[in-house]
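Worksheet: the structure to be examined is printed underneath.
In this text, all values refer to a predicted model and were calculated from it rather than measured experimentally.
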Amino acid sequence: AREGRIVEVASEFFAERGLDAPTRDLAERLDVTQALLYRYFASKRQLIERVLEQAFGRLRERSAHPALADRRRPLEERLSVMYQCYLGRVSYTSMRLFVQAGLQGGDLARRFSVPLSERILRPIIEELRHEAGLPAPEVRPLMRGERELAMALHGGIMFLAVRKFVYGMPMPDDLSDLVALQVRAFLPGAILEMRRLHGDAAELTLTVRQLDRRQRS
């Protein structure tokens, strides 16, 4: 119970103060000694890793919502549902910790965040290809331009959470309407660009094969 309490308070503490914040201040917030902290965690690094693992675990559990693959429903609806559910698992603490881990440098953000290409971007690209009547990734490998298209949608939606939890801007509690707005604005142009990428006029820099981690030896 005490270890869990340390992780809970440390998550809030590092989200607010940054990962460089001293553990003596954390111990003071917990009303314990620094020595007690290090009885449970051998180092500050170990504690931070535990904090990040817990913060991002809920996001990794189910990145692309099962609804995305249900082609009986319109793609606009499926993408909206997926991202509404995804943002529902993003909290003040997890969003700020992700930013803090990125600013820290090294491999912390990469190690503990969602494997974006495999769990989110690839499923979106597969559905965009199907909507555009294009070959499946098994027939033609994913391309850099396609990943950038999917990243544009993902980045725009995640910026809603950044505005809310990092910048502290006035935002509605329920972001569903803003998610649906972004999906509606994205889809028509994305379908056109997907077809262009698969056509003869596409820029070579955008048609370079996007490495698929699942296929690497």
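- At a threshold of 4.5 Å between side-chain heavy atoms, the hydrophobic network of Ile, Leu, Val, Met, Phe, Trp and Tyr places L142 and V208 in two separate groups.
- Contact record, L87 with M158: CD2-SD, 4.0 Å, taken as the closest heavy-atom pair.
- Taking 4.5 Å as the limit, some side-chain heavy atom of L79 sits within range of a side-chain heavy atom of L75.
- Linking Ile, Leu, Val, Met, Phe, Trp and Tyr whenever their side-chain heavy atoms come within less than 4.5 Å leaves L134 and V139 in two separate clusters.
- Look at E28 and R24 and you find no salt bridge, because none of the NZ, NE, NH1 or NH2 atoms lies under 4.0 Å from a carboxylate O.
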For this session: Let me see the working for I48 and Q104 under side chain to side chain contact (heavy atoms under 4.5 Å, CB included), right down to the final yes or no.
Result: CA-CA 11 Å; I48 288 173; Q104 181 78 8; 6.0 Å; no
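- Residues F14 and L47 are in side-chain contact: their nearest non-hydrogen atoms beyond the backbone lie under 4.5 Å apart.
- The two residues L97 and A15 make their nearest non-hydrogen contact at CD2-N, 3.7 Å.
- Side-chain contact between P172 and L178 is present, with heavy atoms from C-beta onward closer than 4.5 Å.
- Put simply, CG on D177 and CD on Q182 are 12.0 Å apart, with the number rounded to the nearest 0.5 Å.
- A salt bridge does not link R144 to E148: none of the charged nitrogens lies less than 4.0 Å from a carboxylate oxygen.
- With hydrogens and angles left out, the side-chain atoms of Y38 and T23 include a donor and acceptor closer than 3.5 Å.
- Between E16 and R29 there is a salt bridge, since at least one side-chain N of the basic residue sits less than 4.0 Å from a carboxylate O of the acidic one.
- Note on V81: it does not cluster hydrophobically with L68, by side-chain heavy-atom contacts below 4.5 Å among ILVMFWY residues.
- Contact of the T93 side chain with the F165 side chain is not registered, since no non-hydrogen atoms from C-beta on lie closer than 4.5 Å.
- Taking the six-membered ring for Trp and thresholds of 30 and 60 degrees, F98 and F56 have ring planes more than 60 degrees apart, a perpendicular arrangement.
- Note that CG of L37 is 11.0 Å distant from NZ of K44, once rounded to the nearest 0.5 Å.
- Note on E77 versus R73: salt bridge recorded, some NZ/NE/NH1/NH2 to OD/OE distance being below 4.0 Å.
- Here R2 contributes atom CZ and L30 contributes atom CG; the two are 9.5 Å apart, rounded to the nearest 0.5 Å.
- No side-chain heavy atom of M143 sits under 4.5 Å from any side-chain heavy atom of R209.
- R78 has its side chain within reach of E127: a pair of non-hydrogen atoms, C-beta onward, lies under 4.5 Å apart.
- Between the side chain of S11 and the backbone N or O of V7, at least one donor-acceptor pair lies under 3.5 Å.
- Residues R96 and E12 are not paired through a salt bridge, judged by the lack of any N-O separation under 4.0 Å between the basic side chain and the carboxylate.
- Contact annotation: the side chain of K164 never approaches that of V90 to less than 4.5 Å [non-hydrogen atoms, C-beta and beyond].
- Considering only heavy atoms from C-beta on, Q84 stays 4.5 Å or farther from D174 through its side chain.
- Cluster membership check: I124 does not share its hydrophobic cluster with L181, using side-chain heavy-atom separations under 4.5 Å among Ile, Leu, Val, Met, Phe, Trp and Tyr.
- Here D25 pairs with R17 in a salt bridge; the nearest charged N to carboxylate O distance falls below 4.0 Å.
- A distance of 9.5 Å separates CD1 of I6 from CZ of R50, quoted to the nearest 0.5 Å.
- When the side chains of ILVMFWY residues are joined at heavy-atom separations under 4.5 Å, either directly or via intervening members, M151 and L192 end up in two distinct hydrophobic clusters.
- Side-chain contact, H198 with E146: a donor N or O sits under 3.5 Å from an acceptor N or O.
- For the atom pair D70 CG and M82 CE, the distance stands at 14.5 Å (nearest 0.5 Å).
- Summarising the geometry, atom CD belonging to Q100 is positioned 5.5 Å from atom CG belonging to L19; distances are rounded to the nearest 0.5 Å.
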